[in-house]
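Inspection log for the structure reproduced underneath, given as C-alpha cells.
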Amino acid sequence: MRSYARFNRGLARQYDQWMVAMHYAKATQHTYRKTIRRFIEFLGKRSLATVSHVDIRQFIACTSADGASLGVVYRDLGVLRLFYDFLNLGGLVSYVAPRFVRLRRPWWNSLAPLNESQVQRLIAATRTLRERALVELFYATGCRLSEAIHLKVEDLDLDARTARILGKLGKARIVLLTKNAAEALRGYIGDRRGGFVFRQERPVPMGCLTTQNGKWLALWHDYGGQKPRRRRKYLGSVEQLPYGTARRMHQELLNSCNLIRPHRNCPLSKMAVQTVIKKVANRAGLKKVTPHTLRRTFATHLHDHGASVEVIQALMGHVWIQTTMKYARISTDRLANTFERCHPRGKLNGQASQ
C-alpha cells in the first residue's frame, strides 16, 4: 500500500501558509496545527483526500476515548471543517466530509463574574504597586491578558485617563481608565517614560560566599561595563581566615562593584500575570479568579449600570456583538433587585403598599 504521509504533511504546510496569509492569531495557528497533526497521525498511510465522514466520526470517537472532553472534540471538528473547506476550494476533495458530522453542542461553563463587593475585596487584598496596577487595569478596561502585558508606557495618557490598546490582528482601540486605575498606574510606573508597563522585575544579586579546595571563594556579577561579567576571587584559607573576616572581605568587594542589574525590555509573561491575580484572589478569599474573570466582570458591571451593548462592544474590542452579549451577563444582584421591584409580591412593592 502506497504511503501518503508525505503528501498529507505537504497539505498541512500549505494550510499553515494559508493561516498566516489570513492573519490568524499565533495561538489559533498553534491549536489548528496540533489538531491537523493528530488527524494525520490517525490516518497513518491513508490520504487526506480520500477521507469520508465515517473517518471523521472514528477520529472523534478515538479522541473521546483518550479522555478528551466534549468541548475539545467539538473544537477539533470545527478545525477539520475549516481545513477541508480549504482543500475543497483547492479542488483536492469533492465534498467537505466534516460538514456531514454533527455533535452535541458543549455547555461552556465559563467562570462567573465577580460582584462589586468581591471586586472591592480583591483590590483591598493587593500589597504591592504592581498588584494594585494590574487589578485596577483589568477591572477598569476589561482588556485581554495579551493586551495588558504588551501595553507600553507611551500608550498611556494618565492625565486624560485613556490608554491605547493593541488588540487582536493588530487592531488598536482607545479605552478609558478610572481615576483609581490611573493613580495605581502612575504609582507603579513612577518616572519611567518608555518601555512595557508591566516589565520583568529582576532581583538585585548579592553575590555568594562559598568554599572551594579549602579556601574561601567570593562569587558575584559586576554590571559596571557594557556586558555583565561573572567575577570570582579567593579570599584566603578556611583554616587561617575566620568566617566573620571572610564575610567582611566579601562585603567590601561587593561595595566596590556595580551590582545593579539593568532592566530588560521584556514584558511580564502571561503565567506571571495569572499567578499575581491568583495570589491576590487567594488573599481575598476568592477562588478561580483569572484576568479573564475580570474582563467578564467589567462587561457585566457596565451592563448592570445601564451601558449599552454597543458601548461595551467598542470598549472590549469585539468584532461581533453576539460575543459581547455572552460577556455582559445579567448579574444575580440585578436579577434579585428587578424581581423585588417588579413582582407584585416583591419586597419593594410590598413595602410600598403598606
Side-chain angles (χ1 to χ4, degrees), residues 121-138 145-146 148-156 158 180-286 289-291:
R121 285 165 50 192
L122 187 70
I123 294 174
T126 58
R127 294 178 180 174
T128 65
L129 294 175
R130 186 178 69 178
E131 290 177 352
R132 183 67 175 266
L134 276 171
V135 173
E136 290 281 10
L137 177 71
F138 281 123
L145 173 57
S146 59
I149 63 176
H150 291 103
L151 180 65
K152 293 189 175 182
V153 177
E154 303 93 311
D155 298 327
L156 295 176
L158 298 181
N180 291 333
E183 291 177 352
L185 286 168
R186 183 177 283 111
Y188 172 65
I189 293 172
D191 57 355
R192 284 192 283 148
R193 293 293 178 265
F196 293 102
V197 173
F198 301 102
R199 63 185 183 183
Q200 294 181 3
E201 297 179 358
R202 308 176 70 185
V204 177
M206 296 304 296
C208 175
L209 179 64
T210 184
T211 59
Q212 188 177 73
N213 301 325
K215 297 180 180 179
W216 291 110
L217 177 62
L219 301 171
W220 72 97
H221 282 83
D222 190 350
Y223 295 92
Q226 294 182 350
K227 294 183 179 180
R229 297 184 61 183
R230 184 179 181 183
R231 303 255 185 198
R232 54 187 293 160
K233 184 176 181 179
Y234 286 102
L235 303 180
S237 172
V238 174
E239 296 179 353
Q240 300 176 356
L241 196 65
Y243 170 75
T245 305
R247 188 69 184 174
R248 185 169 58 254
M249 294 173 63
H250 179 238
Q251 189 61 44
E252 291 174 356
L253 284 173
L254 296 183
N255 293 337
S256 63
C257 299
N258 184 2
L259 299 179
I260 300 177
R261 178 183 291 173
H263 284 285
R264 297 174 60 191
N265 189 25
C266 295
L268 277 178
S269 66
K270 290 185 177 181
M271 184 173 295
V273 175
Q274 290 170 338
T275 301
V276 169
I277 299 299
K278 183 177 180 180
K279 286 182 178 179
V280 175
N282 288 338
R283 289 192 217 117
L286 303 173
V289 178
T290 66

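In this chain, residues are counted from 1 in sequence order.
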Quick one: does [X]'s side chain get under 4.5 Å of [Y]'s, heavy atoms only?
X	Y	result
L253	L235	yes
T290	Q274	no
R248	T245	yes
E183	N180	yes
W216	T211	yes
R193	V153	no

Got a second to check how far [X]'s [atom1] is from [Y]'s [atom2], nearest 0.5 Å?
X	Y	atom1	atom2	value
L129	L185	CG	CG	10.5 Å
L217	R232	CG	CZ	5.0 Å
L241	R247	CG	CZ	13.0 Å
R283	T126	CZ	OG1	8.0 Å
H250	L209	NE2	CG	5.5 Å
L268	L151	CG	CG	12.0 Å

Looking only at heavy atoms, what is the nearest atom pair of [X] and [Y], with distance?
X	Y	answer
K215	Y234	CB-CD2, 3.7 Å
E136	A184	CG-CB, 4.0 Å
S146	K270	CB-CE, 4.0 Å

Main-chain N/O of R127 paired to E131 side chain as donor or acceptor, under 3.5 Å: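 The answer is yes, because a donor-acceptor pair under 3.5 Å joins these two groups.
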Test applied, side chain to side chain contact (heavy atoms under 4.5 Å, CB included); reference residue, F198; option that passes from I149, L137, I189: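 Exactly one candidate clears the test, L137.
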Distance under 6.0 Å and angle within 45° of ring axis: R192 vs Y188: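 Yes, a cation-pi geometry holds between R192 and Y188.
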